[in-house]
Amino acid sequence: MSHELPKAYDPSSIEEKWAKFWIDERLFDVATPADGRAHNPFVQLLPPPNVTGRLHMGHMLNQTEMDVLARWHRMKGDTSVWVPGTDHAGIATQMMVERQLKSEGGPGRKEMGREAFTERVWAWKQQYGSAITDQMKRLGASVDWSREYFTMDEKLSVAVKETFVRLWEQGLIYRGAYIVNWDPQIQTAVSDLEVENEERAGHLYHVRYDFADGSGSITIATTRPETMLGDVAVVVNPSDERYTAFLGKMLVLPLSAVNGGANREIPLLADEWANPEFGTGAVKVTPAHDPNDFAIGQRHKLPQPSIMDEQGRIALAGSPYDGLDRFEARKKIVADLEANGHLVAIKDHTLTLPVSQRTGAIIEPRLSMQWFLAVNKKPGKDGAPTGAASIAENAIAAVRDGHIRFTPEMYSKTYFEWMNNIHDWCISRQLWWGHRIPAWHCNACGKITVSLDTPGACSGCGITDIHQETDVLDTWFSSGLLPFTVFGWNSTNELTPDLSAFYPTQLLVTGFDILFFWVARMIMLGSHFMLDVPMPDGSKRMLADAVPFREVYIHALVRDADRQKMSKTKGNVIDPIEIITKYGTDAVRFTLASQASPGTDIAFNEGRTEGYRAFANKIWNAARFLQMNIERGKEAAYTASLGSHDSFSLELPSTTPLETRWIFSRLATVSAEVDRSLAAYRFDEAAQAVYQFFWDEFCAWYLELVKVRLDFEAPKNDVTALTLNAVVSVFEAALRLLSPFMPFLTEELWHALYASVDMPSPAKSIALTRYPQAADFAADAASVEAMNTLQELIVTVRGLRKDLGVPEKEAAPILLHASDKISALAQANADMLAKQARVASVALASAPLTGNNARSTASFDVAVIYERQIDVPAERERLTKEIAKFTKGVESAQKQLGSESFLAKAPVHIVDGLKKQAAETQLLLEKAQAALEALPPA
RNA sequence: GGGCGGUUAGCUCAGCUGGUUAGAGCGCCUGCCUUACAAGCAGGAUGUCGGGGGUUCGAAUCCCUCACUGCCCA
């Protein structure tokens, strides 16, 4: 034997080998079609993991699903392109390197300077940045490594700059001082989406502000007393009669005297925003440190004094609070307010705190200069509208008009909800790691020059004293461009061969957590920019073909076995690599696939993975069984062949035994089921269908049945020869069917199988072969029906034998009462019954069988001839239960059949079916009753 | 506060364009090392489909309502 398989399945010995083989052989690289047309393209973009990331279960689920689909399409003959890459992850990477610098004790980021620091980040990326893609290779992901990208690649960076310049020219990018979410730890603005709101226990402070004219006071309520240093007004609701009389009066702002100077005075104003129900109904207004206050300030044209620095420390020269951290300042201010009698009360209050998703720091709303993308504004040229739709309009239309379809469908609702309420996108980040904004400020006239290349002079006044903007772009800005930039989109709107062949991509598989971050932004940016790139035939591209993908499949969350969200703090994070080491990649992939039902979170249960490793082992041993028989066949001068098994599977010789007709027919049905399920993203159904076929039908039934046929001691005969070929042929097809789910195991066994039959593998990899289709195999309904009957007979006899206490190894005769057809079937397959149910002989009975040793089904009565008495109480209990069940069934059927409206309104096949079933149940009931009566008294 | 889900066997989940006796895997019980596989084989037990109401000849499936629970947005 050229390729002898070890006794037990050991994933570690095969997976690494094939993972390396697939990559070394560049099996999944797809060349650019010379004519720019791909045959049935199936193109997917990997959601780029962070370059700092480590593989987690979410990645593993995502990649398993993408890979199952990629492999399935590839085997169906489609041009399956899966583009991998990593994201430069501005904040995460900068943090990581800063932390490293700190631990080294050398100069920090600011001491190093921008250039040295970014060099350092690049060095870090070169050294550690491939960790996650290396892990990915272990999963067997059939990606096109030749197209791997990194979002900071030169090619992609140029495209990012180009899009920025265009958006600027279209008037869709603007710069302004607005309140943004400021992360004081990493010291940059972050977008609304990067902020999580957490409920925490806090306090509501009631503080007395005195009227400047000494006529009394008003008490405000605030959760953030330290911001009072930046107060410019107090507002109350205009309808709040408690305060109407005082509107317009000035208030003395407590603690506002700086350096012994006078206290600041601020007005009491009316504004709808103040909620009479909340606190005291009076709120202080700090425009530079709260988004709502900022809006109030704008309405009333109030000043916007800023009182904090970039690190969240009080910045008020001369103030006793200057330099204090915001939370230290709060303590001191509360103490001082209490000391001077302005603190009226402190109440417990649950507040919602904005927390930075990246660093965990509490967000400090901060007034600062930022760059924004105007998503609701129509693009213009030289100030005049071009007539084109706004970015958001296009993005909404793309989904509304069906150019992009979501699965599960409900996510389109979420998408619309967000898109319809979308705000301008803050795209600038105060980081050094990222795509630096291609804008230059004039040091003289202040005008901004935006340009792809470094400009020599200010576009306004022409002087050369200009400096480049220090901000970089939000990481999601560049990743939002990926669906077209990875295919070579450039500044000329030229249709590159890759764009022509592969854009739009067919499918995006991703998690709902980045629906807005990434999915929506790809739709916005793709729909916006690709409208300007012509179609392959030169015609104008419409929205339907400008979209970045045609379908979005949103998968759920992988939770732990108790349905808890995995989190580092809870310590319940499952490391996929650890599980893989324990059970093999194939088993983990199958676990995820078998639970991946759209819209349902996956509770990852290791017990299940263990079960799927057992499944892999089962198949492994089936392969060994085949090898053994092929070898034994060779010794008896039989030659197993896979040479013409395709035509063989379709046109079975007339001597083909029943079980072989049956298994091919089942293979046809299952192939269709798997195809249908995968087309609907029902990974769970597809996996279950393959599992059920392979284990229950192929291994448990078919292999047991063919043992009778594969008798190499007997004189050489056609049935043995044919069966040997059939077993090999069915197994080979079943391996192909399973291959997208368990690529390693099937690759190994597929090659081993060809080696066993002394044939070269017809392809380098099973992944490059044809996916089994229903039409590839002979369907035979009659054989399926016959097999079902025989299976029922075998199972019934086995059960009966157990009840009668027939020793396992002892054969016993049976007596059968059934239709002529079934009787003949049983007699013709007596050898099958002998092997599967230890039936010594089959005798026919003309009368129904109701004795202690008999059982009835809808199709037959069968009795096992065995002298030993059955367990009477157990049998009585069983029969009593059956009688109850049948009685209930008969009653409910009769009730329906007795109803005239049912007979009149229900479809004929339902009525007939029910009648037939009622008759059968009635018969079974009578038989069970007779059997019960026949039991000896207790 | 607004929006979207979920509740089916001990556990994790299918089934829900209404239709004949509601399924799977794991777990559980009993007996077997039957030479492919003990990561196995054979047999077995287990559900008033969250509660209530309605529509219908017929409801796990459609509608209303309540309870519990999860997620997203403010």
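Reminder, nothing fancy here: chain letters follow the sequence lines and each chain counts from 1. Hydrogens, waters and symmetry mates are skipped; everything else that's a heavy atom, side chains included, is used.
Listed candidates were B:A42, B:G25, B:A36. Nearest to the side chain of A:Met628 is B:A36. Side-chain proximity of A:Met410 to B:U12, B:G5, B:C72: nearest is B:G5. Which of B:C41, B:A36, B:U12 sits closest to the side chain of A:Trp695 comes down to B:C41. Relative to the side chain of A:Lys618, the nucleotides B:G25, B:G43, B:A36 differ in distance, and B:A36 lies closest. Proximity note for A:Lys802 (side chain, C-beta onward) versus B:G43, B:C37, B:U12: the nearest is B:G43. Distances were taken from every side-chain heavy atom of A:Phe516 (C-beta onward) to each of B:A39, B:G43, B:C72; the shortest belongs to B:C72. Looking at the side chain of A:Gln688, the nearest of the listed nucleotides B:G40, B:A42, B:A24 is B:A24. Among B:G5, B:G43, B:U34, the nucleotide with an atom closest to any side-chain atom of A:Lys809 is B:U34. Of the candidates B:U34, B:G19, B:C37, B:U34 carries the atom nearest the A:Glu808 side chain, counting heavy atoms from C-beta on. Here the nucleotide nearest the side chain of A:Asn617, chosen from B:C41, B:A39, B:A36, is B:A39.
Contact between the side-chain N/O atoms of A:Lys707 and the OP1/OP2 oxygens of B:U35 is not found at any separation under 4.0 Å. In this structure, A:Arg682 reaches the B:G15 phosphate: one of its side-chain N or O atoms is under 4.0 Å from OP1 or OP2. Within the 4.0 Å cut-off from OP1 or OP2 of B:A38, at least one side-chain nitrogen or oxygen of A:Lys7 is found.
At a threshold of 4.0 angstrom between heavy atoms, the contacts of A:Ala622 include nucleobase atoms, whether or not backbone atoms are also involved. Using a 4.0 Å heavy-atom criterion, one finds that A:Lys835 contacts no nucleic acid atom at all. Within 4.0 Å of A:Gln836, counting heavy atoms only, lies no atom of the nucleic acid at all. If you check every strand for non-hydrogen atoms under 4.0 Å, A:Arg801 touches nothing. At the heavy-atom level, A:Lys915 lies nowhere under 4.0 Å from the strands shown. Base engagement by A:Tyr9 is indicated by at least one non-hydrogen atom pair under 4.0 Å involving a base atom.
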A correct dot-bracket answer for RNA chain B, with pairs being Watson-Crick or G-U at under 3.5 Å, [ ] for crossing pairs and | for inter-strand pairs, is (((((((..((((.....[...)))).(((((.......))))).....(((((..]....)))))))))))).
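Taking both residues in full, the closest heavy atoms of A:His423 and A:Val375 are given as O-CG2, 3.7 Å, listed atom of the first, atom of the second, then distance.
Heavy-atom contacts from other residues, nucleotides or ligands closer than 6.0 Å to CD of A:Glu704 number more than 12.
A donor atom on one side chain and an acceptor atom on the other are not found under 3.5 Å apart for A:Gln627 and A:Glu631. A:Glu659 and A:Trp701 form no side-chain donor-acceptor contact under 3.5 Å, judged by distance and modelled atom types alone. Side-chain atoms of A:Tyr702 and A:Thr660 include a donor-acceptor pair closer than 3.5 Å.
Atom C1' of nucleotide B:G23 and atom CD of A:Glu673 are separated by 14 Å, given to the nearest angstrom. Between the CG atom of A:Asn420 and the P atom of B:C4 there is a distance of 14 Å, rounded to whole Å. When rounded to the nearest whole Å, the span between CG of A:Asp696 and C1' of B:G25 equals 11 Å.
A side chain to side chain contact (heavy atoms under 4.5 Å, CB included) with A:Ile574 is found for one member of A:Met57, A:His56, A:Met60 and no other, namely A:Met57. When A:Tyr411, A:Phe406, A:Phe512, A:Phe683 are each tested for a ring-ring contact (aromatic ring centres under 6.0 Å, His included) with A:Tyr553, only one passes: A:Phe683.
Annotation: side chain to side chain contact (heavy atoms under 4.5 Å, CB included) contacts of A:Ser677 (sequence neighbours excluded): A:Arg682, A:Glu685, A:Ala686.
When the C1' atom is used for both B:U8 and B:C68, the distance is 16 Å, rounded to whole Å. Nucleotides B:G47 and B:G53, compared at atom C1', are 23 Å apart to the nearest Å. Rounded to the nearest Å, the gap between the P atom of B:C62 and that of B:U7 is 11 Å.
Residue A:Glu704 places a side-chain atom within donor-acceptor reach of the base of B:A36, judged by atom type and a 3.5 Å distance cut-off alone.
Between A:Asp684 and A:Val795, the residue anchored closer to the 5' end of RNA chain B is A:Asp684, taking for each the nucleotide with the nearest heavy atom.
Side chain of A:Trp620 to main chain of A:Pro6: a donor-acceptor pair is present (N/O by atom type, distance under 3.5 Å, no hydrogens or angles). With A:Gln595 contributing its side chain and A:Asp684 its backbone, the two residues share no donor-acceptor pair below 3.5 Å.
Taking a 4.0 Å limit (strictly below) on heavy-atom distances, residues 604-615 of chain A reaches RNA chain B at A:Arg608, A:Arg613, A:Ala614.
Using cut-offs of 30° and 60° for the angle between ring planes, the A:Phe615 and A:Phe694 rings count as perpendicular.
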